[in-house]
Amino acid sequence: MSPDFQNLNSRLKTKDYRLFLAVLCLILAVTNAPSTAEGAQHEKPTVAVANYPLKYFAERIGGDRIKVVFPIPLDVDPAFWVPEPEGVLTFQAADLILLNGATYSKWLNKVSLPRRKLVNTSQSFKDQYIEIKGSATHTHGPEGAHAHAGLAFTTWIDFQQAIQQAEAIRDVLARLIPEQKNDFEANFSALKDDLLTLDRRAKEIVTNERAQPLITSHPVYDYFARRYGLNIKTVLWEPDEMPSNEQWVELISILRNHPARWMIWEGEPSPDSVDKLKSMEVESLVFDPCVNVPDQGDFLTVMKQNVKNLRSAFR
Amino acid sequence: MIDSLYIAWRYVRFNKIKTATLIACITLIAFLPLALQLLLDESERQLMSRAVSTPLLVGAKGSALDLVMNTLYFDDEVPESIAMMDADRVEESGLAFPIPVYARFRARDYRIVGTTLDYFDFRGLEIAAGRPLAIVGDAVLGAAVADRLGLKPGDALISSPENLFDLAGVYPLKMNVVGVLKKSHTSDDLAVFVDIKTAWIIEGLGHGHQDLIKSQDASVILKRTEKNVTANAKLRIYTEISKLNLDSFHFHGDDSKYRVTAVIALPNDTKSGTILRGRYISDGATNQILKPADVIDGLLQNIFRIKNVIDGVIFLVGIATVLAIVLVFALSLRLRQREIQTIFKLGCSRMTIAKLMGAEIFIIIVSSVVLCALMIAVVNHFSNDLVRMAFIR
């Protein structure tokens, strides 16, 4: 060892030099640490969704690469949410806002959202939206009579349409985080397989009895009926409310020309309604559109149960 | 030299009115062209910076200047409107992103600008107090509006009727002030921003009213059938959007046909912008697309042509003033002939007398320069606001 090196070595052992090295290390550590802004860049992109099916699709496709937020309360039908500023600000803060389209979110014309972030997941089949006719109108002022009718919006219970909506989510996520494109593609394929299985099962179940008349308790099954060729007539009943006399009269009138033996409910019907329907030889089954986060399971388990429930009507 | 300056100083102090008049003349003749140039430079900067930062504008065929001035500076002249579907078409083209602007209505003396939240990102506007627009009926005020009207988040602002004599017209809307923008030193400071849907409510295309289906008030219902309820003029129309009546607000008709005064088109790139512009070049097109920078450039050319005339006038007035000042000094010398002879007899040389006269002129010119510089500094400080008051508003 050279004398110079020995000299240096001895000097390194002194207190001053140790202190100097400690300060140097601290400075290097501080300068090499990622800044807050850089750290923020590594945060997951946030995707806000307008209903639970979109939440499920986004979570399945995006996985842990994105943060999915659903600002609408769990006890509210997301289509008819009365917007609160806090919820709207949560939507605004997201990097993407996934909408169902088909005028699903009735609150959309009452809120301010950045147009650039909005994604209509049903845009690819917008020419196939079903128009609902015959809702009540009212008249006042110079505008003349007007109705608050619109489009059928429960698009995802046609599982082929659900696949197209999932495709839209995959594409927009791939644009948002291009480096994760392959992951999104793989996740989408798995989701697509699940939805195709549901689609196939639903088709198999209804194949032999497509023409049989059915009653639906709410106008939310239009796309499902179109996809699987069901013969439905719709009333406007709430599952947890006993229908009024007028509603029963309306049903009897429908049954005269449309002798249905099954009524499809969007939620578990009240036992009184079920009993009264039974007395009219109409059975009840539940097909839950799953608009909000289910109490148990997820979108897939609810839809599997829905398809299973259908079997009883098509035996 | 100090002695000469001191004697000259005593002289100008003694002849206050004459000195003040001379200083005022010289100051004004220097100040006017400089201030005009300063204001024109500032107006050019303001007009051009906003125009250059707005790549393309789609609007109804007609006055390009009205369209640009209304959309960029919220000017009084409201151009012909176009349909919201024209904004959708821009987006569907895949060439540009549209930001609709509906700058038609007023609240007090300030323009209500109906737009989407994208406008705030595009212009880089930030909230200084409160929150951004969230619900229809919300309004975010420009810094100057909030300052001049003394409004803050939580207050209300009522839209002004377009025509005082339109008694059957649309009810004014009481808007909820939810935020105030940071000062941007642009026309945005003088605007009341609302969501485009709120602007349509002010127009009367959307409204809220008591529930006709549930209403049992026979005095409101003219006719009730299974499918239709007809109300009379007694029907209560809400003039304020609150949490309680928000659900009752709705729009009538096809919203793609609702009107906007312009669409700011943000092309993906230069090529996309060129292709988009090409799509509006046809004889049958009812809309026009233009580059605001070109329109403002044309406007500035006219302003500078006028400025050249003003410069010429100022130049001639300047020469006349200088000649008048020379005359004043010449006459002053003649009037002071006895005084000069007295100084000469006291033993001062001709050079000393010349120094005294020179010092007087020096003091007057320096005073004028200082005063002019002060006035220019004041104009420079307020040039931003002055330009907006005088040229843009």
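Proteins get letters first, then strands, A, B, ... in listed order; numbering begins at 1 in each.
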Response to the item:
Note: A:L89 and B:P132 closest approach over all heavy atoms is CD2-CD, 3.9 Å
Worksheet item: Quick check: are there more than 12 heavy atoms from other residues, nucleotides or ligands sitting under 6.0 Å from NZ of A:K106?
Response: yes
Worksheet item: So how far is it from B:D247 CG to A:F80 CZ, rounded to the nearest 0.5 Å?
Response: 9.5 Å
Worksheet entry | B:R131 side, atom CZ; A:Q92 side, atom CD - distance, nearest 0.5 Å | 8.5 Å
Worksheet item: Minimum heavy-atom separation for B:A134 to A:P85, with atom names?
Response: CB-CA, 4.2 Å
Fill in: Close approach to chain B in residues 108-118 of chain A, criterion heavy atom under 4.5 Å
A:L108, A:N109, A:K110, A:V111, A:S112, A:L113, A:P114, A:R115, A:R116
Response to the item:
So, the part of A:E86 with a heavy atom under 4.5 Å from chain B: the answer is neither
Item to complete: Would you give the length of the straight line joining atom CZ of A:F91 to atom CG of B:L117, rounded to the nearest 0.5 angstrom?
Response: 13.5 Å
Fill in: chain A contact via B:L205 - which portion, at a heavy-atom distance below 4.5 Å
neither
